[in-house]
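Let me begin by presenting the structure, written as structure tokens, before commenting on it.
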Amino acid sequence: MAGIKGIGDAHTYDGIVHARWNKPIISALLDGTLKALKASGVKSENIVIQSVPGSYELPYAVQRMYTGSQTQSAAASITGGMSGMGLMQSATDLLGGSTTDLTGLAKEVASGGAPKEGAPKEAAGVGQQGLKQPFDALIAIGALIKGSTMHFEYISDAVSHGLMRVQLDTGCPVIFGLLTLLTEEQGLERAGIAGTNGDQGHNHGEDWGAAAVELAAKRKGWAEGRFVE
Ligand SMILES: Nc1c(NC[C@H](O)[C@H](O)[C@H](O)CO)[nH]c(=O)[nH]c1=O
Ligand SMILES: CC(=O)[C@@H](O)COP(=O)(O)O
């Protein structure tokens, strides 16, 4: 692939779900992810952001988001669009009571950047017209910091396997934006906000956004038997 910039076109739909633990780290990672998506040409209105309490919830959330996007886009193509009905409204109606969990979670406008305190809050902007197609890629973002028990190991292992399972089961790329940290400092460095000025390290969110765009483009090519670099 000649370069990432520009390959995420106006028809690329990305879903992001982030945990709310370790908020400064998550906020920076989310900002970095959005920056990379937009730099590559993905439109803000085609990015849907959801939050969940903690990283353990990430596999379930991406799985349900993808299923919801498939249902939503199928219904939209049948009815010729669901104008006037917001994404989550229609997802709720279509998926019924079994998915009430996600519909109550916080949603943030992609252009608004970092997650704010006090989720849940009402949706605005992103996805209000409904998805015209299922997500091309999903990005799961979380920051696990090791404590003094085995909790960290169990969650890290479960989430890693869960996210892999979702992408292989659904065929939708799921970008692994889970930091498994021994210290908070490691997280600040990997979010690019370490040091006294808060600008040290490398923001891995930028890599995740770029990976999502690349996988979305390659996924489309592979589906048609086109193998380009
Ligand atoms: N300790 C951290 C958690 N813990 C919460 C779990 O992920 C989960 O939400 C809870 O067990 C309910 O199922 N989550 C993180 O993302 N980061 C942590 O450091
Ligand atoms: C990520 C974790 O599981 C961790 O923060 C939990 O801490 P602890 O093992 O001290 O309960």
Side-chain angles (χ1 to χ4, degrees), residues 14-34 36-37 47-68 88 95 97-108 110 112-121 123 135 137-167 169 173-195 198 200-209 211-212:
D14 289 292
I16 301 173
V17 57
H18 66 84
R20 294 195 292 271
W21 274 69
N22 306 308
K23 199 168 286 274
I25 296 170
I26 294 292
S27 292
L29 292 169
L30 180 58
D31 284 346
T33 303
L34 290 169
L37 288 177
I47 303 170
V48 176
I49 305 174
Q50 296 275 273
S51 76
V52 289
S55 296
Y56 189 73
E57 284 71 45
L58 291 171
Y60 176 75
V62 290
Q63 200 273 345
R64 298 313 299 175
M65 285 175 72
Y66 189 67
T67 305
M88 295 312 291
L95 297 172
S98 64
T99 56
T100 50
D101 340 48
L102 260 189
T103 61
L105 294 171
K107 294 184 294 174
E108 290 123 16
K116 310 290 186 303
E117 292 291 337
K121 56 182 172 290
F135 290 118
L138 292 157
I139 305 168
I141 300 175
L144 287 165
I145 303 179
K146 183 162 174 57
S148 50
T149 71
M150 289 296 290
H151 201 228
F152 171 83
E153 282 77 3
Y154 281 106
I155 299 185
S156 300
D157 193 55
V159 174
S160 305
H161 286 105
L163 293 175
M164 178 59 79
R165 195 175 120 195
V166 174
Q167 68 172 345
D169 285 354
V174 176
I175 303 304
F176 187 68
L178 180 71
L179 296 182
T180 51
L181 308 160
L182 299 180
T183 64
E184 184 182 14
E185 184 61 23
Q186 288 183 342
L188 298 174
E189 288 165 3
R190 284 153 185 78
I193 54 171
Q200 299 297 300
H202 169 67
N203 190 325
H204 287 229
E206 295 177 19
D207 303 334
W208 302 335

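All ligand and atom numbering here is 1-based and tracks the order in the structure.
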Mind listing the N or O contacts between ligand 2 and protein, cut-off under 3.5 Å?
{"residue": "ligand 2", "atom": "3 (O)", "partner": "His151", "partner atom": "ND1", "Å": "2.6"}
{"residue": "ligand 2", "atom": "3 (O)", "partner": "Phe152", "partner atom": "N", "Å": "3.1"}
{"residue": "ligand 2", "atom": "5 (O)", "partner": "Ile145", "partner atom": "O", "Å": "2.9"}
{"residue": "ligand 2", "atom": "9 (O)", "partner": "Ser148", "partner atom": "N", "Å": "3.2"}
{"residue": "ligand 2", "atom": "9 (O)", "partner": "Thr149", "partner atom": "N", "Å": "2.8"}
{"residue": "ligand 2", "atom": "9 (O)", "partner": "Thr149", "partner atom": "OG1", "Å": "2.4"}
{"residue": "ligand 2", "atom": "10 (O)", "partner": "Ser148", "partner atom": "N", "Å": "2.8"}
{"residue": "ligand 2", "atom": "10 (O)", "partner": "Ser148", "partner atom": "OG", "Å": "3.2"}

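- Annotation: Glu185, atom CD; neighbour count of heavy atoms from other residues, nucleotides and ligands within 6.0 Å is above 12.
- Between Leu178 and Ser55, the shortest heavy-atom distance links the atoms CD1-OG, 3.5 Å.
- Remark: ligand 1 atoms within the under-4.0 Å shell around heavy atoms of Gly54 are 7 (O), 9 (O), 14 (N), 16 (O).
- A donor-acceptor pair is defined here as one N or O able to donate and one able to accept, closer than 3.5 Å; no such pair exists between the side chain of Asp14 and the backbone of Ile139.
- With contacts defined as side-chain heavy-atom distances shorter than 4.5 Å, the pair Phe135/Val48 qualifies.
- Counting heavy atoms from C-beta outward, His151 and Ile155 have side chains that approach closer than 4.5 Å.
- When side chains are defined from C-beta on, Thr180 counts as touching Phe152, because their heavy atoms get closer than 4.5 Å.
- With a heavy-atom cut-off of 4.0 Å, Tyr56 touches ligand 1 through backbone and side chain alike.
- In this structure, His161 places its NE2 atom where only 12 or fewer heavy-atom neighbours from other residues, nucleotides or ligands lie under 6.0 Å away.
- Side-chain contact between Leu29 and His18 is absent, with no heavy-atom pair separated by less than 4.5 Å.
- Distance CD/Gln63 to CD/Gln167: 13.5 Å, rounded to 0.5 Å.
- To the nearest 0.5 Å, the span separating CG on Leu138 from CD1 on Ile175 amounts to 9.0 Å.
- For atom 13 (O) of ligand 1, the closest heavy atom belonging to the protein is Glu57 OE2, 2.5 Å.
- The closest non-hydrogen atom to atom 17 (N) of ligand 1, taken over Ala19, Pro53, Ala143, Ala158, comes from Ala143.
- Short contacts between ligand 1 and Ile145, defined as distances under 4.0 Å to a heavy atom of the residue, involve ligand atoms 19 (O).
- When only non-hydrogen protein atoms are considered, atom 16 (O) of ligand 1 lies nearest to Ser55 OG, 2.6 Å.
- The protein atom (non-hydrogen) at minimum distance from atom 1 (N) of ligand 1 is Trp21 CZ3, 3.3 Å.
- Taking a cut-off of under 4.0 Å to the non-hydrogen atoms of Asn22, the atoms of ligand 1 that pass are 17 (N), 18 (C), 19 (O).
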